[in-house]
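Structure record follows, encoded as structure tokens.
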2 protein chains.
Amino acid sequence: MFNRLSKCIKKLGNKKKTTIKDIANVLGITPSAVSRALNNHPRISEKTKIAVKQVAENLNYQPNHLASALRKGKSNLVGVIIPRNNSNFFSSVLENIEEVLNKKGYNIIITQSNESYKKECSSIEALLYTQVDGVIASMANETVDLSYYEKIKSKGIPLILFDRGENDLNVDYVGIDDYLTSHMIVEHLLDQGCKRIAHIAGYSKTRIYKNRIRGYNDALEKHGLPIEKDLIIESNLRLNDGRRVMQELLNLNERPDAVYAAGDYAALGALQVLEEQGIKVPEEIALVGFSNEPFTSFVKPSISTIDQKSALIGKLAAEAFLERVNNPKVKASLNKIIVDAELIIRDSSNKKE
Amino acid sequence: MFNRLSKCIKKLGNKKKTTIKDIANVLGITPSAVSRALNNHPRISEKTKIAVKQVAENLNYQPNHLASALRKGKSNLVGVIIPRNNSNFFSSVLENIEEVLNKKGYNIIITQSNESYKKECSSIEALLYTQVDGVIASMANETVDLSYYEKIKSKGIPLILFDRGENDLNVDYVGIDDYLTSHMIVEHLLDQGCKRIAHIAGYSKTRIYKNRIRGYNDALEKHGLPIEKDLIIESNLRLNDGRRVMQELLNLNERPDAVYAAGDYAALGALQVLEEQGIKVPEEIALVGFSNEPFTSFVKPSISTIDQKSALIGKLAAEAFLERVNNPKVKASLNKIIVDAELIIRDSSNKKE
DNA sequence: CGAGGTTGTTCAAACGTTTGAGCAAATTAA
DNA sequence: TTAATTTGCTCAAACGTTTGAACAACCTCG
């Protein structure tokens with residue numbers, strides 16, 4: 001056995017990667033026994049297992065994922081598609097997805113759609129080509145055509161959406177209840193004594209922004225306040241667009257006394273305009289944003305906002321995927337997991353004390 | 001031929017994925033001919049190619065990446081390791097790496113080390129297991145032991161470092177010249193009339209922060225200014241640590257009249273403390289950060305900082321990888337690609353006008 | 001002592017591609 | 001017309017693993 005080993009070590013000189021075959025040769029057993037030993041198969045003797053692992057270690061054996069994935073028809077790779085990577089929300093979601101899935105032996109492939117439908121399609125294409133075992137995605141704002149997502153479903157692998165999803169697509173979803181969250185914001189502002197609440201809305205075709213608008217409207221109605229079209233202005237929610245919308249609101253005959261922006265960057269833009277014009281926040285106009293971007297806590301005044309529980313959403317999305325993989329037959333109930341968002345009240349909307 | 005086709009379509013009913021074998025059966029040719037047709041092999045007739053592609057389309061054929069990667073010994077996957085995903089710098093680098101590599105048929109697997117050495121090791125492990133064709137990485141702050149990176153090199157696949165690299169590891173590197181950039185900052189502050197420039201330094205074991213400190217020292221020396229130990233304080237560069245260091249600096253017998261922080265978050269922390277204490281920026285103390293995080297442009301006063309050309313760095317790192325893959329023999333010269341950083345002068349250090 | 005079960009292993013096929021070698025037919029050159 | 005070359009394909013092995021089936025050797029039990 002010893003000269004077998006040394007022969008093999010010599011062979012290793014020419015840089016070929018070690019395979020289970022090499023291990024088998026060293027020990028004088030077959031590759032299948034080695035494979036089973038490495039996978040702790042019950043029908044392999046403890047003695048052999050130890051020997052195999054020892055030799056594997058010595059030869060610096062690294063299993064070839066490609067081969068086993070091919071044979072098993074399972075890659076242990078999960079694709080994650082996010083719109084953009086620079087927000088704190090997505091980075092935290094990712095971190096948690098990864099944490100949960102790594103523990104179960106999955107690795108993740110992250111792709112950014114950059115909010116572009118075209119890029120999103122090519123990402124899906126690439127992920128499917130890589131034979132991922134599932135996809136966890138948050139849709140680009142632009143995306144209306146769902147055929148590429150249908151393609152994932154038709155492959156028979158799990159598809160989990162988070163944050164940005166579509167009801168039409170019949171799949172698992174994890175996110176907050178935008179409608180209720182909007183309610184919460186409006187009621188907080190009313191509670192602060194505000195009477196004319198404006199809404200810097202997101203792209204009204206996207207489900208989540210649509211729901212925020214609905215929530216805003218219904219909350220006003222519920223409290224007997226009129227819904228004024230002038231006070232709802234659609235925006236791409238970027239900083240500069242927040243400025244533009246705030247300016248428009250200030251140009252109205254009757255100014256609002258509160259602004260609820262569907263995104264933090266838009267809220268920041270609004271805040272800048274208010275500051276430039278010497279309008280006191282929150283005394284004259286109160287302000288609430290959405291997403292809890294880090295900067296909301298350190299600008300002056302700090303901006304009230306919504307914490308979307310990114311860590312929890314990531315964790316739940318990953319678990320939803322695992323659930324689907326482990327119980328592929330249960331096609332029946334699709335989960336809509338709704339996480340409670342949290343309103344973080346900061347200076348920009350806190351008139352009391 | 002037509003009944004062959006319909007037979008095959010029927011077969012497809014039972015959800016099995018189409019393979020080149022299926023296409024071969026339909027057309028009555030061999031799988032190898034199909035493979036060659038799909039890959040535009042010159043020895044396949046135009047007629048056959050067209051027929052194969054037509055049938056492939058009809059049967060909704062999707063090539064199995066795992067199989068071809070296994071056979072070719074090449075996965076067309078590139079691993080990217082970044083410390084954290086929430087900074088604008090890394091997200092922009094990623095976007096550009098992806099753009100360049102996608103064009104060449106590569107997909108990227110992104111993993112976050114979360115600045116943890118342990119996580120970094122397991123990421124490397126995972127990437128190697130997935131048989132990536134190369135790794136592009138920015139090292140975690142913690143990382144001192146390079147053995148895991150050596151492991152990548154020993155696999156014989158390209159390793160490209162960016163931003164955070166180590167000279168000891170003999171590999172390609174893309175980044176800015178931290179030493180010169182520090183010079184530039186110090187000279188800008190001197191130009192503004194500052195005489196006592198403090199430095200909120202990064203972890204002095206990390207190469208880039210070490211170089212920033214060296215640059216700071218040498219620039220002062222060059223201009224005949226003393227180097228005062230009290231004015232250089234090491235920090236983890238997070239917001240709160242920036243506050244702590246700024247407080248320490250203010251407690252000195254003789255206050256600095258300028259602060260150069262090696263990171264934007266630390267600069268922001270410093271700014272908060274200055275504002276709270278009613279110290280005028282830049283008049284009493286000028287401030288410069290590092291990295292051009294978005295918030296530096298919208299806080300009041302806006303913070304002068306360094307743009308590290310993230311897009312360019314991403315692009316160059318990806319190209320360095322491609323270079324290595326295409327010319328594996330050229331072991332000789334390893335590239336240190338140095339990109340010129342740009343000083344963005346904003347209100348926090350602009351005393352003139 | 002023989003039937004039945006368990007243990008530890010081998011055998012061979014399979015996963016879906018790619019690719020060097022081989023070969024017949026068609027084309028070109030001499 | 002024949003030899004040489006080109007064209008268009010087939011054959012079979014290979015990539016490294018996993019896995020159902022088979023089987024010998026050993027153990028157990030009545």
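Heavy atoms only: backbone and side chains are in, while hydrogens, waters and symmetry mates are out. Chain A is the first sequence line, chain B the second, and so forth, proteins listed ahead of strands; every chain is numbered from 1.
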In terms of ring plane angle, is the pair B:Tyr129 and A:His65 parallel, tilted or perpendicular, where the classes change at 30° and 60°? tilted
d([atom1], [X]; [atom2], [N]) in whole Å:
X	N	atom1	atom2	result
B:Lys47	D:dG8	NZ	C1'	11 Å
B:Arg71	D:dA12	CZ	P	16 Å
B:Ile20	D:dC11	CD1	C1'	14 Å

A:Leu159 and A:Val135, any side-chain heavy atoms less than 4.5 Å apart:
yes
Between [X] and [Y] (side chain of the first, backbone of the second, donor and acceptor by atom type, cut-off under 3.5 Å), is there such a pair?
X	Y	result
B:Asp133	B:Asn76	yes
B:Asn107	B:Leu77	no
B:Lys17	A:Lys155	no

Applying a 4.0 Å non-hydrogen cut-off, can you work out what [X] is touching in the nucleic acid: base, sugar-phosphate, or nothing?
X	result
A:Ser45	sugar-phosphate
B:Thr19	sugar-phosphate
A:Ile29	sugar-phosphate

Any donor-acceptor pair, under 3.5 Å, between the side chain of B:Thr48 and the base of D:dC9, if you only look at N and O atoms? no
So does A:Glu95 pair up with B:Lys119, basic N to acidic O under 4.0 Å? no
On DNA chain D, more 5' by nearest nucleotide between B:Ala67 and B:Pro42 is B:Pro42
By nearest-heavy-atom nucleotide on DNA chain D, the more 5' of B:Leu70 and B:Arg36 is B:Arg36
Its 5'-most and 3'-most nucleotides having an atom under 4.0 Å from a non-hydrogen atom of chain B, DNA chain C is contacted over C:dG16 to C:dA21
